[in-house]
2 protein chains.
Amino acid sequence: MKSSSTPAYQPLYRQIKVLLTERLESGEWKPGEPIPSEIDLAQRFSVSQGTVRKAVNELAHENVLVRRQGRGTFVASHANEHTQLGFLRISPDDGGVDTLQADLIECRRIKADASAARQLEIETGQPLMRLRRALAINGRRVIYEEARVPAELFPGLDAFVLEQHRCMLYSMYESAFSVKIVAAEERLKAVAADEESATILGLTVGAPLLMMVRVAYTYGRKPVELRRSLCNTAAHHYANDIS
Amino acid sequence: MKSSSTPAYQPLYRQIKVLLTERLESGEWKPGEPIPSEIDLAQRFSVSQGTVRKAVNELAHENVLVRRQGRGTFVASHANEHTQLGFLRISPDDGGVDTLQADLIECRRIKADASAARQLEIETGQPLMRLRRALAINGRRVIYEEARVPAELFPGLDAFVLEQHRCMLYSMYESAFSVKIVAAEERLKAVAADEESATILGLTVGAPLLMMVRVAYTYGRKPVELRRSLCNTAAHHYANDIS
DNA sequence: GAGTGGTCTAGACCACTCA
DNA sequence: GAGTGGTCTAGACCACTCA
């Protein structure tokens, strides 16, 4: 195993990328807004436009920025439908996701257990908010999920705030708490439905469910959400492209 | 829905990319071998090195080519371990894949049903080869899978050829039949084990299994393999990064 | 030291958007 | 028509590999 320390030599465009990321983290440029033009940025940083382009291109490939020819470069936003769907990989076997509806089942404050604390890089016992909800795709309830986030990052998060933002958690994190989700790691397993999930999803105990366990990250690969989703895949599937 | 026709304007580097892909398809540059240097290619195509670089970069991002600074640019190969593992997304919950072993269960000629024919873009009734095998990761048998490929593309494929290449199907497709897999689409579901899969994986009927249904593509997004894998995810998981 | 890919620049021009 | 990102060029130099 190699150490993950940064190599000594870092090209100029990587340094520019770090500077851009810092601006994004600081909230100077907010989701949905345009960042300065390439020519402007090149002047600010005293580098050529080509060097800025390389930095911006990498951030665009990581879905942190969105380029639009003739208009400008924008900070990616979960308010945008397209970005949302990148994180929802479940769809009906026969077609796309037309409507998405969430029913809140629980929203309460808990203490982080050792495992959650380790994954969220906080101390054991720190307060978390735990949300449980059921999701319906095109009117059919197929997902039961639980999300846990550090309470500190989401002050005032309660059922009322959730109500206002309906189903889109990442859009809410972004607009109400300035926490921008930029990446996630998922692990999938097949499990048997327990009593709780069977009841909520209208299945029999023991029915096979697709379990998705996710760690979601904000800028700088800082973990900010743990999620466990259970999906009835009788008429739905998880799609993935490999190349 | 927009039509998927190619837009009228295609930049030069895209045209170069098409030319490079044609050379790869023709077998002029084989997996594992280097392609000509950027300067050489630029001269051949009468464009600047920068334009060649852009075309090569896209193919490298698609894992069709592999760049190695100071050495050259190589055609990606499934003989390379790293490329193999890109297509095997299952790993043990506690660690990596150290050994992989395949037991062949069946290898026979069948006729394509309507569904398979549609997905492989051939005529119904055309001959297919159907392989069934069990995979063991680090000595534990966890996957039972079936692969179907057009017999025409794999002349002489039989148990003996399979034996020689052990578990790595894509490596065999590539080296024995010059069929290079470059991408795949997967759909995942949770299902209950039937009698056959339960017997092979040493489980009880009804146990939850992760089902992966895959269409694999060669150059030009031509579909060349259908695969259905059933995985016991009691101590293993399917990993996916989202960004 | 020769050859490879990787970075950086400066400048020209193109495609696209919007007022 | 002004401003944006997108393409393309030519050239300089750097990091890396290998004989």
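Just so we're on the same page: letters track the sequence lines, and every chain starts at 1.
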Could you go through residues 147-158 of chain A and list every donor-acceptor pair under 3.5 Å that involves a side-chain atom there, pairing it with any protein atom two or more places apart or in another chain?
| unit_1 | atom_1 | unit_2 | atom_2 | d |
| --- | --- | --- | --- | --- |
| A:Asp158 | OD1 | A:Phe160 | N | 3.1 |
| A:Asp158 | OD1 | A:Val161 | N | 2.9 |

Q.
For Watson-Crick and G-U wobble pairs within 3.5 Å on both distances, what is DNA chain C written in dot-bracket notation, | included for inter-strand pairing?
A. ||||||||||||||||||.
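Contacts of residues 39-62 of chain B with DNA chain D (heavy atom under 4.0 Å): B:Val47, B:Ser48, B:Thr51, B:Lys54. For the segment residues 12-22 of chain B, residues with any heavy atom less than 4.0 angstrom from an atom of DNA chain D are, sorted by number, B:Leu12, B:Tyr13.
Salt bridge annotation for B:Arg23-B:Glu28: present, with a cationic side-chain nitrogen under 4.0 angstrom from a carboxylate oxygen. The pair B:Glu121-B:Lys222 does not meet the salt-bridge criterion, since no charged nitrogen lies less than 4.0 angstrom from a carboxylate oxygen. A salt bridge does not link B:Glu146 to B:Arg133: none of the charged nitrogens lies less than 4.0 Å from a carboxylate oxygen. Salt bridge present: B:Arg221 and B:Glu185 bring a charged side-chain N and a carboxylate O closer than 4.0 Å.
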Q | salt bridge (charged side-chain N to carboxylate O under 4.0 Å, His left out) between A:Glu58 and A:Arg14, worked out | A | CA-CA 9 Å; A:Glu58 287 206 350; A:Arg14 293 269 187 189; 3.2 Å; yes
Q: Go through the steps to decide whether A:His236 and A:Ser91 satisfy the test side-chain contact (heavy atoms from CB on, under 4.5 Å), and finish with yes or no.
A: CA-CA 6 Å; A:His236 294 71; A:Ser91 55; over 6 Å; no
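B:Glu62 meets the side-chain hydrogen bond (donor to acceptor under 3.5 Å, both in side chains) test with B:Lys17; sequence neighbours excluded.
Counting heavy atoms from C-beta on, the side chains of A:Tyr238 and B:Asn240 come closer than 4.5 Å.
For the side-chain hydrogen bond (donor to acceptor under 3.5 Å, both in side chains) criterion with B:Tyr170, the lone passing option out of B:His165, B:His78, B:Glu225 is B:Glu225. With B:Gln43 as the fixed residue, the side chain to side chain contact (heavy atoms under 4.5 Å, CB included) test singles out one of B:Ile39, B:Leu41, B:Val47: B:Ile39.
For DNA chain C, the contact window with chain A, defined by any atom under 4.0 Å from a protein heavy atom, covers C:dT7 to C:dC18 in 5' to 3' order.
A cation-pi arrangement is found for B:Arg68 relative to B:Phe74, the charged atom lying closer than 6.0 Å to the ring centre and inside a 45° cone about the ring normal.
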